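Source: prediction; values computed, not measured. As a basis for the values below, the full set of heavy atoms in this structure was taken, side chains included, without hydrogen atoms, waters or symmetry mates.
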Amino acid sequence: MAEEEPAERFDVIVLGAGIIGAALSYYLAAENHRRVVALDVAESIRGPSGSTTSAGILSVQGWDPWDLAIVRETVAEYARLADAEGTAPLRRNGGLRVARTDEGVRWLSRLESMLSSEGVEVHPLRTGDLSDRLPFADLSDVRAGLLTPDDSVVDSGDLLAGYLRAARRAGAEVRSLELPVDRAIERDGRWHVGGPTPVAADSLVVAAGAGSKRLLSALGASLPLAPFRAQVVQLRPGPLQAEFPTLHDLDLNLYARPAPLGRIVVGDGTGTQEEDPLRWRTEADAEFVNRTTVAGAELFAGLSSIRVERAGAGLCVASPDRYPLVGPAPGAPHLFVAAGFNGLGTMRAGGLARRLARAIVSGEWNDLAPASPARFVGPSAPFEPRPEFPLEADPDVPLPRRVAPLPEVSVRTDADDVLARRLERVSEVDHLRWSPLSEWFDPFLPLFARDAIRTGGTVEVMEEGDTVRGLLLAGTSEGVASGFTRQRRVADRFLDRADAGGIYLEDAWRPGGAPVELFAADLRDWVAREPMRNPVRIARSDDLSGIRSLMRAELGPGVDPWIDSLPRPEETGFVCEVDRRVVGISWLSRVGAFARGHSFVVHPRFRGLGIGTDLLTARMLWLHQTGGRLVVSEIYDGNVASRTAAERAGMTFVARMYHFPGRRGGIEGSVTSAAPRTADRPSRSNP
C-alpha cells in the first residue's frame with residue numbers, strides 16, 4: 001500500500017464476515033459504540049464456510065459451567081435478534097441423546113447430573129418413553145435416553161444474514177476484501193488493510209473461520225488450529241415429518257434434526273484430518289452419503305422412504321483441547337482472534353462475540369479466560385481434529401468457573417420504522433419486494449393478496465424500507481384475519497389490532513392461540529393408498545351454480561365473493577356428482593409446483609361413502625401427473641373426518657398454525673382471507 005494512499009479510519013477491523021465476524025461487528029457497534037468495518041475475506045477459503053453449512057443445532061452440551069453459560073447467552077442473543085431482525089425464529093424442538101453402551105450410559109448419567117446442578121431442565125427417558133418422542137425411529141436397543149426440552153434449532157444462513165443487517169443498522173461497515181489478506185500490516189502502532197478503499201484501525205480481529213490459521217501466520221501470530229471438513233445430508237422422508245427433538249446417537253456418532261418443509265438433516269461428526277482451506281472437496285463424499293443414508297434408513301425404520309435431497313461439505317476449525325480460541329493473540333499488540341470452534345460455532349457465536357466485543361473495549365478478559373489463546377505458547381505440534389460430541393474433562397484440571405451473565409440490553413423493537421400500507425389494486429402486489437414470511441405459505445402470499453383484493457377484502461403490508469416484513473389479510477364479511485410475519489414487533493401489531501374472529505398466525509407469539517393443524521405431502525414420493533370408489537372430475541364453468549349451492553349451504557354467504565371471482569387459472573376444483581348434482585367439492589390453489597388445498601365440502605347426506613377421500617386423492621393424482629411438488633392444507637377444529645380423509649389420501653401432519661381470538665372470539669374460516677368462510681358460524685375443516 002503506497003504511503004500516500006489515504007486510509008479510512010475505524011476503531012476495529014474484523015477480518016471475516018461469517019456468523020462470528022458479523023456478530024462481533026454488531027456488538028462492537030451497537031453496544032460498545034465503536035466504528036467497525038468487517039471485511040469478507042472469501043479469498044482465504046475455497047467453497048462454503050462453516051457458517052453457511054452449519055447444522056444450526058443449539059444444544060446444552062454440559063461440558064462445564066463456563067461453556068453452558070456461553071451457550072445459554074448465545075440462545076438468548078439469537079432469540080432477541082430474531083425478534084428485531086425477522087430472522088427465522090428459533091425452533092424449540094428439544095434434544096434427545098441416546099446410548100446403547102456402558103460408556104454412553106455413564107456419560108449420560110454424568111451429563112444429567114451436571115445439567116441438573118446448573119438448573120437446566122433435563123429428563124432421563126426409559127426405552128419405552130423414546131417411541132413417543134421419535135415415533136418414526138427404531139430405538140428398541142437403546143439403553144438410556146436424556147431429553148433436554150429447551151434445545152433449539154436455527155437456520156444458520158438466515159442467522160448470518162440477520163447479524164449482517166443488524167451490524168449495518170448499528171453503523172458497522174461490511175465490505176468485500178479484493179486483495180490478498182497478507183496486505184494487512186501493522187504500521188505506526190495501527191493496523192492497515194489495503195485495497196481499493198484502504199482502511200486503518202487501532203485493533204484487528206481475525207475471525208475468518210478456516211482461513212484464520214493462514215491469516216494469523218501471515219501476521220506473525222501462529223496458533224494451533226486445524227481446518228476440517230464437516231459433511232451433512234438433507235433427506236426427504238416419506239412421509240414428510242413434523243418437528244421432532246434433535247437426536248444425538250452417541251453410538252452411531254450421528255445426529256438428526258428437523259429441517260423446513262418436513263425434511264431431516266443428518267450428520268455424523270465429520271472429518272478427523274486437517275484440510276487445506278484452498279484445496280479441499282466441497283462436495284460430500286459418496287461413501288459418506290451412502291453410509292449416512294443406510295444408517296438413517298435403519299434408524300428411521302418407521303419411514304416408508306428416504307431420499308437424498310442434497311449433500312455437501314463445509315470447513316470447520318479444530319483446536320487441540322476442543323475449546324475455542326477467543327481473545328488477544330500472544331505477542332501481537334491489538335491483534336485478536338475468534339476461531340477454533342470445533343464444529344460448534346453457531347452454538348456459541350452469539351455469547352462469545354458479545355463478550356469479545358466487551359473485552360476489546362474494556363481490556364477485562366476474565367470472562368473469556370478458558371478460551372484465551374495464550375494457553376498455547378510457543379511452537380505447536382500438528383494434531384488431529386476430534387469433533388466427537390462428548391468432552392471428557394481431565395480430572396486433574398479444575399473446571400472453568402461459571403461466568404456472570406452480561407446485562408441484557410434492549411434490542412431495536414420499536415416498530416416505527418415498519419410502516420403499514422394498504423393495497424388498493426391488484427397491480428400493486430406485483431411490485432412488492434418480499435422477505436421470507438412463512439415456512440409453508442411463502443409461494444402463495446402474492447396470490448392470497450391478489451385474491452383478497454379481487455374479492456373485496458383488505459390487504460395491508462408492513463414494510464421496512466422497500467421490503468415487506470408482514471402481510472395482513474382480511475375478508476369481506478367477517479373480522480377474522482390472517483397474518484404472516486417473522487418479526488415479533490409486527491406480530492404484536494397484528495395481534496393488538498385483531499377484531500371479531502381474531503387472527504391466524506404461523507407461530508405461537510402469545511399464549512392462548514388455538515392450534516390449526518397443517519398437513520402436507522411431497523408429490524414426488526406420493527403413491528395412491530386406496531382405489532377410488534366414486535367418480536371425481538375437474539370442475540367446469542357450468543358447475544359453478546351447483547358448487548355455489550353446496551358451499552353456501554355448508555359455509556354460508558361469505559363464499560359468494562370468492563366464487564364470483566371464478567374461473568381463474570390458479571384455482572382448480574374437483575367435484576363429485578350424484579344424479580347430476582354436485583355433492584362434493586375440493587379446491588386447489590396452485591403456484592408453479594406448489595399447491596394449497598382448501599374449501600373441502602361434502603353434502604351431509606353423502607358422507608361416509610368415501611367421497612371426501614376420493615376428492616382428495618383425485619387432486620393428489622392430478623398434481624402428481626402435472627409436475628406438482630408440494631401440497632399443504634389446514635384442518636380446523638380438530639376435525640377427525642377431515643384428518644382421516646387427508647391421511648388416507650397420503651398427506652401427513654407436519655406443523656401447526658394458531659388462531660388468536662379477537663374481542664368477540666370464535667374460530668372462523670381458513671388461513672387466507674381469500675378462501676371461502678363464514679362470519680356467523682365455524683367453517684368445516686378444509687384440507
Side-chain angles (χ1 to χ4, degrees), residues 1-52 85 157 159-221 277-278 328-329 332-339 349 353 356-357 360-361 412 464-467:
M1 186 168 60
E3 289 287 335
E4 64 272 17
E5 288 182 353
E8 189 175 359
R9 288 290 306 276
F10 292 88
D11 297 315
V12 184
I13 298 170
V14 178
L15 294 180
I19 287 180
I20 188 71
L24 176 61
S25 300
Y26 166 67
Y27 294 119
L28 281 168
E31 293 189 12
N32 296 279
H33 313 295
R34 291 304 187 266
R35 191 153 188 257
V36 186
V37 58
L39 301 177
D40 184 358
V41 291
E43 62 84 30
S44 67
I45 178 174
R46 173 181 179 264
S49 70
S51 294
T52 55
E85 294 298 328
L159 179 66
L160 170 58
Y163 263 125
L164 289 172
R165 285 197 304 272
R168 290 187 176 100
R169 195 190 310 278
E173 298 281 339
V174 181
R175 303 175 183 175
S176 295
L177 184 64
E178 300 176 4
L179 294 178
V181 183
D182 54 17
R183 293 289 300 274
I185 59 174
E186 184 181 17
R187 183 175 62 186
D188 298 330
R190 185 173 296 123
W191 291 101
H192 292 251
V193 178
T197 308
V199 294
D202 294 330
S203 299
L204 179 70
V205 184
V206 176
S212 296
K213 179 178 182 178
R214 182 162 114 352
L215 301 184
L216 288 165
S217 179
L219 296 173
L278 296 178
H334 304 291
L335 177 63
F336 306 93
V337 60
L356 178 57
I360 288 173
V361 173
R412 185 185 58 87
E464 184 178 30
D466 62 350
T467 301

Here the pair of heavy atoms bringing Ala22 nearest to Leu164 is CB-CD2, 3.6 Å
Separation of Glu173 CD from Arg35 CZ (nearest 0.5 Å) | 6.5 Å
Mind listing the closest non-hydrogen atom pair of Ala221 and Leu335 along with its distance?
-> CB-CD2, 3.8 Å
Got a sec, which residues hit side-chain contact (heavy atoms from CB on, under 4.5 Å) with Thr467, two or more places apart in sequence or on another chain?
-> Arg433, Ser435, Arg469
Kindly write out the residues that satisfy side-chain hydrogen bond (donor to acceptor under 3.5 Å, both in side chains) with Tyr163, not counting sequence neighbours, or none if the list is empty.
-> Tyr27
All heavy atoms of Leu356 vs all of Ala338, minimum pair found to be CD2-CB, 4.0 Å
Salt bridge or not for Glu464 and Arg165, using N-O below 4.0 Å?
-> no
Gap between atom OH of Tyr26 and atom CD of Glu31 - 0.5 Å precision = 6.5 Å
Interatomic spacing from CG in Leu24 to CD1 in Ile360 - rounded to 0.5 Å | 5.0 Å
Counting only pairs under 3.5 Å, give me each side-chain donor-acceptor contact of residues 196-208, with atom names and distances, residues two or more places apart or in other chains.
none

Residue that, paired with Leu177, satisfies side-chain contact (heavy atoms from CB on, under 4.5 Å) out of Ile13, Val37, Val193 | Val193
Value rounded to 0.5 Å, distance of NE2 in His192 from CZ in Arg9 = 8.0 Å
Distance-minimising heavy-atom pair for Glu85 and Gly162 = CG-O, 3.8 Å
Is there a side chain to side chain contact (heavy atoms under 4.5 Å, CB included) between Arg214 and Leu278 once you walk through the steps?
-> CA-CA 10 Å; Arg214 182 162 114 352; Leu278 296 178; 3.9 Å; yes
Give the C-alpha distance, both sets of side-chain angles, the deciding distance and a yes or no for side chain to side chain contact (heavy atoms under 4.5 Å, CB included) between Leu219 and Trp191.
-> CA-CA 11 Å; Leu219 296 173; Trp191 291 101; 4.0 Å; yes
Shortest non-hydrogen contact from Ala357 to Asn32?
-> CB-ND2, 3.7 Å
